[in-house]
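One structure is given here, and the rest of the page talks about it.
These numbers come from the heavy atoms of this one structure, side chains and all, not from hydrogens, waters or symmetry mates.
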Amino acid sequence: QDGLIENGGGSVQAGQSLRLSCQASGGSSPNFAMSWFRRTPGKKREAVATIRSGTGNSFYAPSVKGRFTISQDKSKTIVYLQMDNLNPGDTAMYFCAAALYDNGDPWYAENGYDYWGLGTQVTVTA
């Protein structure tokens, strides 16, 4: 796998929606899992959502559950994050991450991921 490319960030008002996408470059084979993390200045990067490529099972951080939806395309090399009812607290740089194998780490642990994208900025104004 050559890398991950994120798209879809931008600036919106509270209550609006955005959809992020992340594509594995280089014609890669499906990963074990792909996830979204986010980081705001001065804070640690936090896990947002993950999807298991094989089963399609997904998990979410409590702060976004019910508002965000993670999904993948049929090739399982593109993952999407549909973000609805956004609020200013969602403002962050969003990063895509891919885990090649199940190494036993929790989905929300950064150490469990092998590849990271450069990030895409999401800004939500009140």
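Residue F59 places its CZ atom among more than 12 non-hydrogen atoms of other residues, nucleotides or ligands, all under 6.0 Å distant.
For the atom pair CH2 (W107) and OG (S58), the distance works out to 9.5 Å, reported to the nearest 0.5 Å. Going from atom CD of Q72 over to atom SG of C22 covers 11.5 Å, rounded to the nearest 0.5 Å. To the nearest 0.5 Å, atom CH2 of residue W36 and atom OH of residue Y94 are 10.0 Å apart.
By the criterion of side-chain heavy atoms lying less than 4.5 angstrom apart, applied directly or through intervening Ile, Leu, Val, Met, Phe, Trp or Tyr residues, L4 is not grouped with Y80; the two fall into different hydrophobic clusters. Clustering ILVMFWY residues whenever any of their side-chain heavy atoms sit less than 4.5 angstrom apart, transitively, puts F95 in a cluster other than the one holding M83.
Nearest heavy-atom pair, R67 versus N85, reported as atom, atom and distance to 0.1 Å: NH1-O, 3.0 Å. The heavy-atom pair separating Q82 from S17 by the smallest distance is NE2-CB, 3.8 Å. Annotation for A61 and A47: closest pair CB-O, 3.4 Å, computed over non-hydrogen atoms. Across all non-hydrogen atoms, the minimal contact from V64 to V48 is CG2-O, 3.5 Å. In this structure, A126 and A14 approach most closely via the heavy-atom pair CA-CB, 4.3 Å. For T77 against S75, the heavy-atom pair with the smallest separation is OG1-OG, 2.7 Å.
At a threshold of 4.5 Å between non-hydrogen side-chain atoms, the residues Y60 and I70 count as touching. Taking 4.5 Å as the limit, every side-chain heavy atom of T91 sits out of range of all side-chain heavy atoms of T40. In this structure, V122 and L20 have side chains that are in contact, with non-hydrogen atoms separated by less than 4.5 Å.
Listed for the E6 side chain is a donor-acceptor partner under 3.5 Å among the backbone atoms of G119. Between the Q121 side chain and the G9 main chain, no donor and acceptor come within less than 3.5 Å of each other. Distance alone, capped at 3.5 Å, places no donor-acceptor pair between the N7 side chain and the S21 backbone. Between the side chain of N31 and the backbone N or O of M34 there is no donor-acceptor pair closer than 3.5 Å. Remark: side-chain polar atoms of N87 are paired, donor with acceptor, to backbone N or O of G89 under 3.5 angstrom. Looking only at distances, a side-chain donor or acceptor of D114 sits under 3.5 Å from a matching main-chain atom of L100.
With sequence neighbours left out, F37 forms a ring-ring contact (aromatic ring centres under 6.0 Å, His included) with Y113, W116. For the salt bridge (Lys or Arg N to Asp or Glu O under 4.0 Å) test, no residue two or more places apart in sequence or in another chain qualifies with R39.
Applying the side chain to side chain donor-acceptor pair (under 3.5 Å) test to residues at least two apart or on different chains, the pairs with a partner in residues 41-57 are S35-T50, R38-E46, R45-E110, T55-N57.
The side chain to side chain contact (heavy atoms under 4.5 Å, CB included) test with L18 singles out one residue from T120, L81, L86, and that residue is L86.
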